[in-house]
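Here the structure comes first, spelled out in C-alpha coordinates, and everything after it is commentary.
Keep in mind it's a predicted model, so treat the numbers as computed, not measured. Every chain is numbered from 1, with letters handed out A, B, ... down the list of sequences.
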Number of protein chains: 2
Amino acid sequence: MASSETVRRHTQDDVARTALRLLDDVGLPDLTMRRLAAALDVQPSALYHHFPNKQALLADLADRIVSPRPVATTSGEWDRDVRSAAAALRDGLLAYRDGAEVVASTLSMGLGADAALRRLSDSIALGGFDEATTRRAATALLHFVLGHVSHEQQRLQYDSLGVVVGRGPDASADAFAFGVDLLVEGLRARVVSYL
Amino acid sequence: MASSETVRRHTQDDVARTALRLLDDVGLPDLTMRRLAAALDVQPSALYHHFPNKQALLADLADRIVSPRPVATTSGEWDRDVRSAAAALRDGLLAYRDGAEVVASTLSMGLGADAALRRLSDSIALGGFDEATTRRAATALLHFVLGHVSHEQQRLQYDSLGVVVGRGPDASADAFAFGVDLLVEGLRARVVSYL
DNA sequence: ACCTGAACACCGTTCAAGT
DNA sequence: ACCTGAACACCGTTCAAGT
(Lines give C-alpha, C1' and ligand atoms only; values in the text may rest on other atoms or scores of the structure.)
Protein backbone atom coordinates (compact mmCIF):
# COMPACT_ATOMS: atom_id res chain seq x y z
CA MET A 1 0.00 0.00 0.00
CA ALA A 2 2.20 2.77 -1.25
CA SER A 3 -0.72 5.19 -1.73
CA SER A 4 -1.98 7.17 1.27
CA GLU A 5 -5.68 7.72 2.05
CA THR A 6 -6.46 11.36 1.45
CA VAL A 7 -4.68 12.56 -1.65
CA ARG A 8 -7.87 14.11 -3.08
CA ARG A 9 -6.62 15.54 -6.31
CA HIS A 10 -9.25 17.25 -8.43
CA THR A 11 -9.96 17.24 -12.13
CA GLN A 12 -11.06 20.24 -14.18
CA ASP A 13 -14.56 18.83 -14.26
CA ASP A 14 -14.66 18.68 -10.45
CA VAL A 15 -13.68 22.31 -10.23
CA ALA A 16 -16.31 23.42 -12.74
CA ARG A 17 -19.05 21.36 -11.12
CA THR A 18 -18.25 22.68 -7.67
CA ALA A 19 -18.17 26.20 -9.08
CA LEU A 20 -21.58 25.69 -10.62
CA ARG A 21 -22.99 24.49 -7.31
CA LEU A 22 -21.36 27.39 -5.50
CA LEU A 23 -22.79 29.81 -8.05
CA ASP A 24 -26.25 28.46 -7.41
CA ASP A 25 -25.74 28.74 -3.64
CA VAL A 26 -24.19 32.15 -3.25
CA GLY A 27 -24.67 33.99 -6.55
CA LEU A 28 -22.19 35.48 -8.99
CA PRO A 29 -20.90 38.36 -6.84
CA ASP A 30 -19.89 35.91 -4.09
CA LEU A 31 -18.43 33.31 -6.42
CA THR A 32 -14.79 34.12 -5.73
CA MET A 33 -11.76 32.04 -6.52
CA ARG A 34 -10.95 31.91 -2.82
CA ARG A 35 -14.39 30.64 -1.84
CA LEU A 36 -14.29 28.11 -4.63
CA ALA A 37 -10.90 26.93 -3.41
CA ALA A 38 -12.27 26.61 0.11
CA ALA A 39 -15.21 24.56 -1.20
CA LEU A 40 -12.73 22.21 -2.83
CA ASP A 41 -10.50 22.09 0.27
CA VAL A 42 -7.64 23.48 -1.68
CA GLN A 43 -5.42 26.56 -1.76
CA PRO A 44 -6.58 29.34 -4.15
CA SER A 45 -3.45 28.93 -6.23
CA ALA A 46 -4.39 25.33 -6.98
CA LEU A 47 -7.29 26.51 -9.16
CA TYR A 48 -4.85 27.98 -11.65
CA HIS A 49 -3.72 24.52 -12.53
CA HIS A 50 -7.19 23.85 -13.96
CA PHE A 51 -8.13 27.24 -15.41
CA PRO A 52 -5.78 30.01 -16.53
CA ASN A 53 -7.95 32.65 -14.84
CA LYS A 54 -11.39 33.38 -13.48
CA GLN A 55 -12.73 34.52 -16.83
CA ALA A 56 -11.97 31.13 -18.38
CA LEU A 57 -13.70 29.44 -15.48
CA LEU A 58 -16.79 31.57 -16.00
CA ALA A 59 -16.76 30.85 -19.72
CA ASP A 60 -16.76 27.15 -18.92
CA LEU A 61 -19.69 27.65 -16.55
CA ALA A 62 -21.57 29.58 -19.22
CA ASP A 63 -21.14 26.68 -21.63
CA ARG A 64 -22.42 24.26 -19.03
CA ILE A 65 -25.42 26.43 -18.23
CA VAL A 66 -26.36 26.80 -21.88
CA SER A 67 -25.42 23.42 -23.29
CA PRO A 68 -27.62 20.62 -22.05
CA ARG A 69 -30.85 21.87 -23.56
CA PRO A 70 -32.67 19.07 -25.39
CA VAL A 71 -33.51 21.44 -28.27
CA ALA A 72 -37.16 20.40 -28.30
CA THR A 73 -38.29 18.35 -31.25
CA THR A 74 -38.32 20.16 -34.59
CA SER A 75 -41.87 20.38 -35.85
CA GLY A 76 -42.90 21.70 -39.24
CA GLU A 77 -43.39 25.36 -38.47
CA TRP A 78 -40.24 27.42 -37.96
CA ASP A 79 -41.92 29.98 -35.69
CA ARG A 80 -43.01 27.28 -33.27
CA ASP A 81 -39.42 26.07 -33.13
CA VAL A 82 -38.04 29.53 -32.52
CA ARG A 83 -40.45 30.04 -29.67
CA SER A 84 -39.55 26.75 -28.05
CA ALA A 85 -35.82 27.29 -28.55
CA ALA A 86 -36.13 30.64 -26.81
CA ALA A 87 -38.19 29.09 -24.02
CA ALA A 88 -35.67 26.27 -23.60
CA LEU A 89 -32.84 28.78 -23.39
CA ARG A 90 -34.73 30.73 -20.76
CA ASP A 91 -35.29 27.56 -18.75
CA GLY A 92 -31.59 26.75 -18.94
CA LEU A 93 -30.62 30.19 -17.71
CA LEU A 94 -33.17 30.05 -14.91
CA ALA A 95 -31.79 26.71 -13.73
CA TYR A 96 -28.82 28.40 -12.02
CA ARG A 97 -28.76 31.50 -9.91
CA ASP A 98 -27.44 34.43 -11.96
CA GLY A 99 -27.27 32.12 -14.97
CA ALA A 100 -28.22 34.85 -17.43
CA GLU A 101 -25.59 37.23 -16.07
CA VAL A 102 -22.89 34.58 -16.31
CA VAL A 103 -23.76 33.84 -19.93
CA ALA A 104 -24.20 37.50 -20.85
CA SER A 105 -20.86 38.55 -19.40
CA THR A 106 -19.08 35.62 -21.00
CA LEU A 107 -20.67 36.41 -24.33
CA SER A 108 -19.68 40.05 -24.01
CA MET A 109 -16.11 38.93 -23.35
CA GLY A 110 -16.23 37.24 -26.73
CA LEU A 111 -15.82 33.80 -25.18
CA GLY A 112 -18.02 30.72 -25.55
CA ALA A 113 -21.77 30.55 -24.97
CA ASP A 114 -22.25 30.36 -28.72
CA ALA A 115 -24.16 27.13 -28.27
CA ALA A 116 -27.11 29.32 -27.36
CA LEU A 117 -26.71 31.45 -30.44
CA ARG A 118 -26.34 28.40 -32.65
CA ARG A 119 -29.53 26.87 -31.34
CA LEU A 120 -31.51 30.03 -31.96
CA SER A 121 -29.96 30.42 -35.41
CA ASP A 122 -30.83 26.86 -36.35
CA SER A 123 -34.47 27.30 -35.50
CA ILE A 124 -34.68 30.60 -37.35
CA ALA A 125 -32.93 29.18 -40.40
CA LEU A 126 -35.87 26.79 -40.80
CA GLY A 127 -37.83 29.82 -41.96
CA GLY A 128 -35.67 29.96 -45.07
CA PHE A 129 -34.06 33.35 -44.40
CA ASP A 130 -30.70 34.30 -45.83
CA GLU A 131 -27.67 33.91 -43.63
CA ALA A 132 -27.29 37.57 -42.62
CA THR A 133 -30.94 37.83 -41.63
CA THR A 134 -30.74 34.61 -39.66
CA ARG A 135 -27.61 35.67 -37.78
CA ARG A 136 -28.92 39.12 -36.97
CA ALA A 137 -32.32 37.89 -35.87
CA ALA A 138 -30.66 35.27 -33.67
CA THR A 139 -28.42 37.80 -31.92
CA ALA A 140 -31.34 40.18 -31.48
CA LEU A 141 -33.32 37.37 -29.91
CA LEU A 142 -30.34 36.32 -27.75
CA HIS A 143 -29.88 39.87 -26.47
CA PHE A 144 -33.54 40.07 -25.58
CA VAL A 145 -33.50 36.71 -23.80
CA LEU A 146 -30.37 37.50 -21.79
CA GLY A 147 -31.62 40.94 -20.84
CA HIS A 148 -35.02 39.66 -19.87
CA VAL A 149 -33.82 36.72 -17.80
CA SER A 150 -31.13 38.82 -16.10
CA HIS A 151 -33.83 41.19 -14.99
CA GLU A 152 -36.04 38.29 -14.00
CA GLN A 153 -33.35 36.63 -11.89
CA GLN A 154 -32.43 39.78 -10.11
CA ARG A 155 -36.11 40.19 -9.27
CA LEU A 156 -36.00 36.70 -7.80
CA GLN A 157 -33.20 37.72 -5.47
CA TYR A 158 -35.07 40.80 -4.29
CA ASP A 159 -38.13 38.67 -3.64
CA SER A 160 -36.18 36.02 -1.74
CA LEU A 161 -34.73 38.84 0.33
CA GLY A 162 -38.22 39.52 1.59
CA VAL A 163 -39.03 42.50 -0.58
CA VAL A 164 -42.47 41.89 -2.04
CA VAL A 165 -42.99 43.63 -5.35
CA GLY A 166 -46.08 41.96 -6.68
CA ARG A 167 -46.29 40.55 -10.23
CA GLY A 168 -45.60 36.84 -9.89
CA PRO A 169 -43.53 34.63 -12.21
CA ASP A 170 -46.49 34.34 -14.57
CA ALA A 171 -46.22 38.00 -15.50
CA SER A 172 -42.54 37.44 -16.20
CA ALA A 173 -43.22 34.47 -18.43
CA ASP A 174 -45.91 36.43 -20.25
CA ALA A 175 -43.60 39.37 -20.82
CA PHE A 176 -40.99 36.94 -22.10
CA ALA A 177 -43.39 35.33 -24.55
CA PHE A 178 -44.51 38.77 -25.67
CA GLY A 179 -40.94 39.83 -26.48
CA VAL A 180 -40.23 36.64 -28.38
CA ASP A 181 -43.50 37.08 -30.27
CA LEU A 182 -42.58 40.59 -31.28
CA LEU A 183 -39.36 39.38 -32.88
CA VAL A 184 -41.02 36.37 -34.48
CA GLU A 185 -43.76 38.54 -35.96
CA GLY A 186 -41.13 40.95 -37.21
CA LEU A 187 -39.44 38.04 -38.93
CA ARG A 188 -42.71 36.82 -40.37
CA ALA A 189 -43.20 40.24 -41.94
CA ARG A 190 -39.99 39.53 -43.82
CA VAL A 191 -40.89 36.06 -44.93
CA VAL A 192 -44.04 37.51 -46.47
CA SER A 193 -42.07 40.11 -48.38
CA TYR A 194 -40.13 37.22 -49.91
CA LEU A 195 -43.09 35.99 -51.94
CA MET B 1 -7.88 86.73 4.56
CA ALA B 2 -9.03 84.04 6.87
CA SER B 3 -9.50 81.51 4.07
CA SER B 4 -6.46 79.56 2.85
CA GLU B 5 -5.70 78.92 -0.83
CA THR B 6 -6.18 75.24 -1.52
CA VAL B 7 -9.19 73.95 0.41
CA ARG B 8 -10.61 72.24 -2.69
CA ARG B 9 -13.76 70.75 -1.32
CA HIS B 10 -15.80 68.86 -3.86
CA THR B 11 -19.50 68.74 -4.56
CA GLN B 12 -21.43 65.61 -5.51
CA ASP B 13 -21.57 66.89 -9.07
CA ASP B 14 -17.77 67.20 -9.19
CA VAL B 15 -17.41 63.61 -8.07
CA ALA B 16 -19.88 62.30 -10.64
CA ARG B 17 -18.35 64.30 -13.47
CA THR B 18 -14.85 63.17 -12.64
CA ALA B 19 -16.11 59.61 -12.42
CA LEU B 20 -17.69 59.92 -15.85
CA ARG B 21 -14.43 61.18 -17.31
CA LEU B 22 -12.49 58.43 -15.56
CA LEU B 23 -14.96 55.85 -16.89
CA ASP B 24 -14.38 57.08 -20.40
CA ASP B 25 -10.60 56.98 -19.90
CA VAL B 26 -10.07 53.64 -18.20
CA GLY B 27 -13.30 51.66 -18.62
CA LEU B 28 -15.68 50.19 -16.07
CA PRO B 29 -13.41 47.43 -14.67
CA ASP B 30 -10.77 50.02 -13.76
CA LEU B 31 -13.19 52.59 -12.41
CA THR B 32 -12.46 51.96 -8.73
CA MET B 33 -13.31 54.12 -5.77
CA ARG B 34 -9.62 54.41 -5.02
CA ARG B 35 -8.69 55.59 -8.49
CA LEU B 36 -11.58 58.03 -8.45
CA ALA B 37 -10.40 59.37 -5.13
CA ALA B 38 -6.90 59.78 -6.54
CA ALA B 39 -8.29 61.65 -9.54
CA LEU B 40 -10.01 64.03 -7.13
CA ASP B 41 -6.91 64.36 -4.94
CA VAL B 42 -8.79 63.01 -2.02
CA GLN B 43 -8.75 60.01 0.31
CA PRO B 44 -11.04 57.10 -0.73
CA SER B 45 -13.12 57.54 2.39
CA ALA B 46 -14.02 61.08 1.32
CA LEU B 47 -16.14 59.69 -1.52
CA TYR B 48 -18.58 58.23 0.97
CA HIS B 49 -19.58 61.68 1.98
CA HIS B 50 -21.06 62.17 -1.51
CA PHE B 51 -22.37 58.69 -2.32
CA PRO B 52 -23.37 55.98 0.14
CA ASN B 53 -21.60 53.33 -1.93
CA LYS B 54 -20.21 52.52 -5.34
CA GLN B 55 -23.52 51.19 -6.62
CA ALA B 56 -25.20 54.56 -5.98
CA LEU B 57 -22.36 56.30 -7.80
CA LEU B 58 -22.80 54.02 -10.80
CA ALA B 59 -26.56 54.60 -10.79
CA ASP B 60 -25.90 58.32 -10.95
CA LEU B 61 -23.51 57.82 -13.85
CA ALA B 62 -26.11 55.69 -15.64
CA ASP B 63 -28.63 58.50 -15.31
CA ARG B 64 -26.14 60.99 -16.69
CA ILE B 65 -25.26 58.74 -19.61
CA VAL B 66 -28.88 58.20 -20.54
CA SER B 67 -30.42 61.55 -19.69
CA PRO B 68 -29.27 64.30 -22.00
CA ARG B 69 -30.75 62.89 -25.16
CA PRO B 70 -32.64 65.57 -27.11
CA VAL B 71 -35.41 63.07 -27.84
CA ALA B 72 -35.52 63.96 -31.56
CA THR B 73 -38.55 65.86 -32.74
CA THR B 74 -41.78 63.90 -32.70
CA SER B 75 -43.05 63.51 -36.23
CA GLY B 76 -46.40 62.03 -37.19
CA GLU B 77 -45.49 58.36 -37.61
CA TRP B 78 -44.91 56.45 -34.38
CA ASP B 79 -42.55 53.93 -35.97
CA ARG B 80 -40.22 56.67 -37.15
CA ASP B 81 -40.15 58.03 -33.62
CA VAL B 82 -39.42 54.64 -32.10
CA ARG B 83 -36.53 54.14 -34.49
CA SER B 84 -35.04 57.52 -33.71
CA ALA B 85 -35.53 57.10 -29.97
CA ALA B 86 -33.66 53.82 -30.16
CA ALA B 87 -30.91 55.38 -32.26
CA ALA B 88 -30.61 58.30 -29.85
CA LEU B 89 -30.32 55.91 -26.94
CA ARG B 90 -27.62 54.00 -28.76
CA ASP B 91 -25.72 57.21 -29.43
CA GLY B 92 -25.94 58.17 -25.78
CA LEU B 93 -24.58 54.81 -24.67
CA LEU B 94 -21.79 54.94 -27.21
CA ALA B 95 -20.74 58.39 -25.99
CA TYR B 96 -18.99 56.88 -22.95
CA ARG B 97 -16.74 53.87 -22.77
CA ASP B 98 -18.69 50.91 -21.34
CA GLY B 99 -21.78 53.10 -21.25
CA ALA B 100 -24.14 50.24 -22.08
CA GLU B 101 -22.69 48.02 -19.38
CA VAL B 102 -23.03 50.77 -16.78
CA VAL B 103 -26.67 51.34 -17.68
CA ALA B 104 -27.45 47.63 -17.96
CA SER B 105 -25.94 46.76 -14.60
CA THR B 106 -27.65 49.70 -12.94
CA LEU B 107 -30.97 48.73 -14.47
CA SER B 108 -30.52 45.14 -13.36
CA MET B 109 -29.87 46.41 -9.82
CA GLY B 110 -33.32 47.97 -10.01
CA LEU B 111 -31.92 51.49 -9.73
CA GLY B 112 -32.40 54.45 -12.08
CA ALA B 113 -31.82 54.52 -15.80
CA ASP B 114 -35.56 54.54 -16.29
CA ALA B 115 -35.27 57.70 -18.33
CA ALA B 116 -34.28 55.45 -21.19
CA LEU B 117 -37.27 53.21 -20.70
CA ARG B 118 -39.58 56.19 -20.45
CA ARG B 119 -38.34 57.66 -23.69
CA LEU B 120 -38.83 54.39 -25.56
CA SER B 121 -42.26 53.94 -24.00
CA ASP B 122 -43.33 57.42 -25.00
CA SER B 123 -42.46 56.88 -28.62
CA ILE B 124 -44.19 53.50 -28.71
CA ALA B 125 -47.28 54.90 -27.03
CA LEU B 126 -47.78 57.15 -30.04
CA GLY B 127 -48.81 54.01 -31.88
CA GLY B 128 -51.92 53.82 -29.73
CA PHE B 129 -51.13 50.52 -28.01
CA ASP B 130 -52.54 49.64 -24.62
CA GLU B 131 -50.36 50.22 -21.59
CA ALA B 132 -49.20 46.63 -21.07
CA THR B 133 -48.21 46.26 -24.71
CA THR B 134 -46.36 49.57 -24.62
CA ARG B 135 -44.45 48.69 -21.46
CA ARG B 136 -43.49 45.23 -22.63
CA ALA B 137 -42.44 46.38 -26.07
CA ALA B 138 -40.35 49.14 -24.51
CA THR B 139 -38.50 46.76 -22.17
CA ALA B 140 -37.97 44.28 -25.02
CA LEU B 141 -36.50 47.08 -27.10
CA LEU B 142 -34.39 48.31 -24.19
CA HIS B 143 -32.99 44.84 -23.58
CA PHE B 144 -32.07 44.53 -27.21
CA VAL B 145 -30.43 47.97 -27.30
CA LEU B 146 -28.39 47.37 -24.14
CA GLY B 147 -27.30 43.92 -25.25
CA HIS B 148 -26.38 45.08 -28.70
CA VAL B 149 -24.44 48.15 -27.61
CA SER B 150 -22.66 46.22 -24.85
CA HIS B 151 -21.45 43.80 -27.46
CA GLU B 152 -20.57 46.65 -29.78
CA GLN B 153 -18.53 48.50 -27.15
CA GLN B 154 -16.61 45.45 -26.13
CA ARG B 155 -15.76 44.94 -29.80
CA LEU B 156 -14.43 48.49 -29.83
CA GLN B 157 -12.09 47.64 -26.99
CA TYR B 158 -10.77 44.57 -28.73
CA ASP B 159 -10.19 46.59 -31.87
CA SER B 160 -8.40 49.39 -30.03
CA LEU B 161 -6.24 46.71 -28.45
CA GLY B 162 -4.94 45.95 -31.92
CA VAL B 163 -7.00 42.87 -32.62
CA VAL B 164 -8.48 43.32 -36.08
CA VAL B 165 -11.72 41.45 -36.56
CA GLY B 166 -13.10 42.99 -39.71
CA ARG B 167 -16.70 44.20 -39.94
CA GLY B 168 -16.49 47.93 -39.40
CA PRO B 169 -18.92 50.08 -37.41
CA ASP B 170 -21.30 50.18 -40.37
CA ALA B 171 -22.07 46.51 -39.96
CA SER B 172 -22.78 47.16 -36.30
CA ALA B 173 -25.12 50.04 -37.12
CA ASP B 174 -26.87 47.89 -39.71
CA ALA B 175 -27.33 45.04 -37.29
CA PHE B 176 -28.71 47.50 -34.77
CA ALA B 177 -31.18 48.93 -37.25
CA PHE B 178 -32.20 45.42 -38.21
CA GLY B 179 -32.97 44.47 -34.62
CA VAL B 180 -34.99 47.61 -34.04
CA ASP B 181 -36.84 46.98 -37.28
CA LEU B 182 -37.72 43.49 -36.23
CA LEU B 183 -39.37 44.75 -33.05
CA VAL B 184 -41.08 47.63 -34.82
CA GLU B 185 -42.47 45.31 -37.48
CA GLY B 186 -43.63 42.97 -34.76
CA LEU B 187 -45.47 45.86 -33.19
CA ARG B 188 -46.96 46.92 -36.48
CA ALA B 189 -48.39 43.44 -36.85
CA ARG B 190 -50.30 44.18 -33.66
CA VAL B 191 -51.56 47.57 -34.69
CA VAL B 192 -53.03 45.98 -37.78
CA SER B 193 -54.86 43.36 -35.76
CA TYR B 194 -56.51 46.24 -33.90
CA LEU B 195 -58.57 47.24 -36.92
C1' DA C 1 -20.09 69.83 5.66
C1' DC C 2 -16.18 67.81 3.95
C1' DC C 3 -12.07 65.52 4.64
C1' DT C 4 -7.80 62.63 6.69
C1' DG C 5 -5.56 58.47 8.49
C1' DA C 6 -5.79 54.14 9.61
C1' DA C 7 -7.72 50.06 9.67
C1' DC C 8 -10.83 45.72 8.38
C1' DA C 9 -11.97 42.15 5.62
C1' DC C 10 -11.44 40.88 1.62
C1' DC C 11 -9.95 40.21 -3.83
C1' DG C 12 -7.25 37.72 -8.36
C1' DT C 13 -2.93 36.10 -9.56
C1' DT C 14 2.09 34.60 -9.44
C1' DC C 15 5.70 31.74 -8.19
C1' DA C 16 9.04 28.90 -5.94
C1' DA C 17 8.82 24.66 -3.80
C1' DG C 18 7.07 20.24 -2.63
C1' DT C 19 5.12 15.03 -3.95
C1' DA D 1 0.26 16.51 -12.74
C1' DC D 2 -1.50 18.62 -8.89
C1' DC D 3 -0.89 21.06 -4.90
C1' DT D 4 1.07 24.23 -0.73
C1' DG D 5 2.74 28.55 1.31
C1' DA D 6 3.69 32.91 0.89
C1' DA D 7 3.58 36.92 -1.19
C1' DC D 8 2.12 41.08 -4.45
C1' DA D 9 -0.79 44.51 -5.72
C1' DC D 10 -4.85 45.62 -5.20
C1' DC D 11 -10.29 46.13 -3.70
C1' DG D 12 -14.90 48.53 -1.09
C1' DT D 13 -16.15 50.25 3.19
C1' DT D 14 -16.08 51.99 8.14
C1' DC D 15 -14.90 55.04 11.63
C1' DA D 16 -12.74 58.06 14.84
C1' DA D 17 -10.78 62.37 14.44
C1' DG D 18 -9.80 66.79 12.50
C1' DT D 19 -11.33 71.85 10.36
Shorter than 3.5 Å, N or O on both sides, protein versus nucleotides 5-9 of chain C: list them out with atom names.
from, atom 1, to, atom 2, distance (Å)
C/dG5, O6, B/Ser45, OG, 2.6

- Item | Side-chain touch B/Leu183/B/Leu187, heavy atoms, less than 4.5 angstrom |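 No - every pair of side-chain heavy atoms lies 4.5 Å or more apart.
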
Between atom [atom1] in [X] and atom [atom2] in [N], what is the gap in whole Å?
| X | N | atom1 | atom2 | answer |
| --- | --- | --- | --- | --- |
| B/Asp14 | C/dC3 | CG | C1' | 14 Å |
| A/Asp41 | D/dC3 | CG | C1' | 13 Å |
| A/Leu57 | C/dT13 | CG | C1' | 14 Å |
| A/Leu47 | C/dC11 | CG | C1' | 13 Å |
| A/Gln12 | D/dC3 | CD | P | 12 Å |
| B/Phe51 | D/dG12 | CZ | P | 15 Å |
| A/Tyr48 | D/dC3 | OH | P | 15 Å |
| A/His49 | D/dA1 | NE2 | P | 7 Å |

Are the side chain of [X] and the backbone of [Y] linked by a donor-acceptor contact shorter than 3.5 Å?
| X | Y | value |
| --- | --- | --- |
| A/Asp98 | A/Glu101 | no |
| A/Thr11 | A/Asp14 | no |
| B/Asp81 | B/Ser123 | no |
| A/Gln157 | A/Gly27 | no |
| B/Arg97 | B/Asp25 | yes |
| B/Gln153 | B/Tyr96 | yes |
| A/Ser105 | A/Val102 | yes |

- Query: Quantified in whole Å, what is the C1' atom distance between nucleotide C/dC8 and nucleotide D/dC11?
  - Reply: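 Here C/dC8 and D/dC11 have their C1' atoms 12 Å from each other.
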
What N/O pairs connect the protein and nucleotides 17-19 of chain C at under 3.5 Å? Give each pair on its own line.
none

- Return the nearest nucleotide to the side chain of B/Met33; candidates are D/dT13, D/dC3, C/dC3.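 That would be D/dT13.
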
- Options D/dC3, C/dC3, D/dC11, nucleotide nearest the side-chain atoms of B/Thr32: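 Ranking D/dC3, C/dC3, D/dC11 by closest atom to the B/Thr32 side chain puts D/dC11 first.
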
- Task: Identify the heavy atoms of B/His143 and A/His151 that sit nearest to each other, and give their distance.
- Result: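 In terms of heavy atoms, the two residues are closest at NE2-ND1, 3.8 Å.
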
- Verify the distance criterion only: is there a donor paired with an acceptor across the side chains of B/Asp130 and B/Thr133 at less than 3.5 Å?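 Result is yes, a qualifying pair exists.
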
- So, is the end of the A/Arg190 side chain (NZ or CZ) under 6.0 Å from the ring centre of A/Phe129 and within 45° of the ring's axis?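 No cation-pi geometry.
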
- Item | Phosphate OP1/OP2 of C/dA1: any B/His50 side-chain N/O under 4.0 Å |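 No, outside the criterion.
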
- Can you find a side chain N or O atom of A/His10 that sits less than 4.0 Å from OP1 or OP2 on D/dC2?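 So the side-chain polar atoms of A/His10 never come under 4.0 Å of the phosphate oxygens OP1 or OP2 of D/dC2.
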
- DNA chain C: stems of at least 3 consecutive Watson-Crick or G-U pairs, cut-off 3.5 Å?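 So far as stems of 3 or more pairs are concerned, DNA chain C shows C:4-8 with D:12-16, C:12-16 with D:4-8.
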
- Look at the aromatic rings of B/His148 and B/Phe176 and report parallel, tilted or perpendicular, splitting at 30° and 60°.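 The rings of B/His148 and B/Phe176 sit tilted, inter-plane angle from 30° to 60°.
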
